[in-house]
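Everything numeric here is computed off the predicted structure, so don't read it as measured data.
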2 protein chains.
Amino acid sequence: MTEIEKTLESKTVRPTAMRILIYKYMADKEIAVALTDIENAFAKADRTTLYRTLKTFEEKGIVHQIDDGTNISKYALCEPGCNCELEQDLHLHFHCGNCEETVCLTEQKIPHINLPDGYIAEDANLVIKGICEKCSG
Amino acid sequence: MTEIEKTLESKTVRPTAMRILIYKYMADKEIAVALTDIENAFAKADRTTLYRTLKTFEEKGIVHQIDDGTNISKYALCEPGCNCELEQDLHLHFHCGNCEETVCLTEQKIPHINLPDGYIAEDANLVIKGICEKCSG
DNA sequence: ATAAAAAATGCACTTCCGTTGCACTAATAT
DNA sequence: ATATTAGTGCAACGGAAGTGCATTTTTTAT
Ligand SMILES: [Mn+2]
Ligand SMILES: [Mn+2]
Ligand SMILES: [Zn+2]
Ligand SMILES: [Zn+2]
């Protein structure tokens with residue numbers, strides 16, 4: 001049993017062929033991927049399957065969904081041991097206006113914000129737009 | 001000439017009847033509005049006109065577009081003298097999971113973030129999700 | 001005032017992404 | 001071996017954003 005299969009099973013996701021391929025695809029990429037990206041990478045698979053795979057991965061805490069402001073949902077593998085729901089694990093995301101790529105900056109946590117009275121924070125999303133390290137070189 | 005007409009003209013936007021109505025509608029609301037909201041409020045007007053009015057307002061710095069993570073673009077009037085493009089004027093937005101409303105927290109500026117080497121920030125979007133002051137009461 | 005030009009509006013249609021229903025197939029449990 | 005559950009594929013739908021073009025309204029020039 002491979003490392004990936006073990007990872008999936010540890011999150012109670014059955015390691016089907018398709019799921020292993022998608023996991024591998026995402027692990028090899030250092031950037032967040034859209035459904036369309038996966039669709040293009042696996043042309044013979046049906047979009048619905050890929051879509052539902054991402055949903056399953058998300059529900060089981062294998063990936064987290066990223067809203068980078070492009071109105072296209074992106075996904076990235078969670079770090080080992082990450083708890084995306086918890087405030088302490090909320091990292092920011094960077095979207096490059098040049099290459100259009102979105103990356104997790106997992107080291108950069110979202111700072112705690114003091115809200116006006118009555119407001120209760122449950123989640124936060126911080127996206128920085130600009131030029132990425134690859135494009136600014 | 002009314003106050004609103006003067007405001008529009010000062011931003012080089014011709015104060016047509018429709019535009020004045022939309023401006024007034026947004027000024028009366030304390031929350032960010034979607035195109036659909038305006039569409040419902042002015043049922044006899046065509047969606048395209050409303051759509052293009054918002055675009056014009058945005059280009060001329062009368063409103064700013066808000067991406068609150070719902071994948072529905074919201075718009076809110078800019079504060080007098082605000083320069084949304086500048087980092088110093090970037091405020092955060094709050095989206096309530098209960099009433100589904102989005103508000104500008106214009107007092108809460110987005111804190112400056114130190115990015116890894118090579119990353120150049122040009123814009124930022126910070127959305128806090130939770131329960132708003134009206135719903136938490 | 002009249003005509004020409006420019007701007008705004010309305011209608012129809014398209015595109016894109018996300019999502020769902022249902023049938024079919026593969027895997028698992030009894 | 002059979003029943004049950006989980007995964008996949010196909011087809012269609014839906015909402016929201018966006019565009020091309022005809023028509024109307026407003027502005028400008030004559
Ligand atoms: Mn991330
Ligand atoms: Mn705002
Ligand atoms: Zn880049
Ligand atoms: Zn609320």
Throw together a table of side-chain donor-acceptor distances under 3.5 angstrom for residues 127-137 of chain A, partners on residues two or more places apart or in other chains.
residue  : atom : partner  : partner atom : Å
A/Lys129 : NZ   : A/Asp68  : O            : 2.9
A/Lys134 : NZ   : A/Glu101 : OE1          : 2.8
A/Ser136 : OG   : A/Cys132 : O            : 3.4
A/Ser136 : OG   : B/Gly118 : O            : 2.6

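- With sequence neighbours excluded, no residue forms a side-chain hydrogen bond (donor to acceptor under 3.5 Å, both in side chains) with A/Thr106.
- In this structure, the side chain to side chain contact (heavy atoms under 4.5 Å, CB included) partners of B/Pro116, at least two apart in sequence or on a different chain, are A/Leu105, A/Gln108, B/Tyr119.
- In the helix from C/dA1-D/dT30 to C/dT30-D/dA1, the end axes, each obtained as the rotation axis mapping the C1' atoms of four pairs onto the next four within a five-pair block, lie 20° apart to the nearest 10 degrees.
- The side-chain heavy atoms of A/Val13 and A/Thr7, taken from C-beta on, include no pair separated by under 4.5 Å.
- Within residues 55-65 of chain A, the residues having any heavy atom closer than 4.0 Å to DNA chain C are, in order of number, A/Lys55.
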*Reading nucleotides 7-14 of chain C 5' to 3', which nucleotides get B (base under 4.0 Å from a protein heavy atom), which S (sugar-phosphate only), which -?*
SSBBBB--

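- Residues satisfying the side chain to side chain contact (heavy atoms under 4.5 Å, CB included) criterion with A/Thr2, sequence neighbours excluded, are A/Ile4, A/Glu5.
- Residue A/Ile72 contributes atom CD1, which lies 17 Å from atom P of C/dT15 at whole-angstrom precision.
- Among residue pairs with one or both ends in residues 1-32 of chain B, those qualifying as ring-ring contact (aromatic ring centres under 6.0 Å, His included) are B/Tyr25-B/Phe42; sequence neighbours excluded.
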Indicate every side-chain donor-acceptor pair of residues 56-63 of chain B with a distance under 3.5 Å to a residue at least two apart or in another chain.
residue : atom : partner : partner atom : Å
B/Thr56 : OG1  : B/Arg52 : O            : 2.8
B/Lys60 : NZ   : B/Thr12 : O            : 3.1
B/Lys60 : NZ   : B/Thr12 : OG1          : 3.3

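- Think of the region where chain B sits on DNA chain D: with heavy atoms and a 4.0 Å cut, that region ends 5' and 3' at D/dA16 to D/dT27.
- Each of A/Tyr75 and A/Leu92 belongs to its own hydrophobic cluster when Ile, Leu, Val, Met, Phe, Trp and Tyr are linked at side-chain heavy-atom distances under 4.5 angstrom.
- The side chain to side chain contact (heavy atoms under 4.5 Å, CB included) test applied to B/Cys78 returns B/His64, B/Cys82, B/Cys84, not counting sequence neighbours.
- Qualifying side chain to side chain contact (heavy atoms under 4.5 Å, CB included) partners for B/Leu35, counting only residues two or more places apart in sequence or in other chains: B/Arg47, B/Leu50, B/Tyr51, B/Leu54.
- Between the side chain of A/Asn40 and the main chain of A/Thr36, a donor-acceptor pair closer than 3.5 Å is present.
- In this structure a side-chain-to-backbone donor-acceptor pair under 3.5 Å is present from A/Arg19 to A/Arg14.
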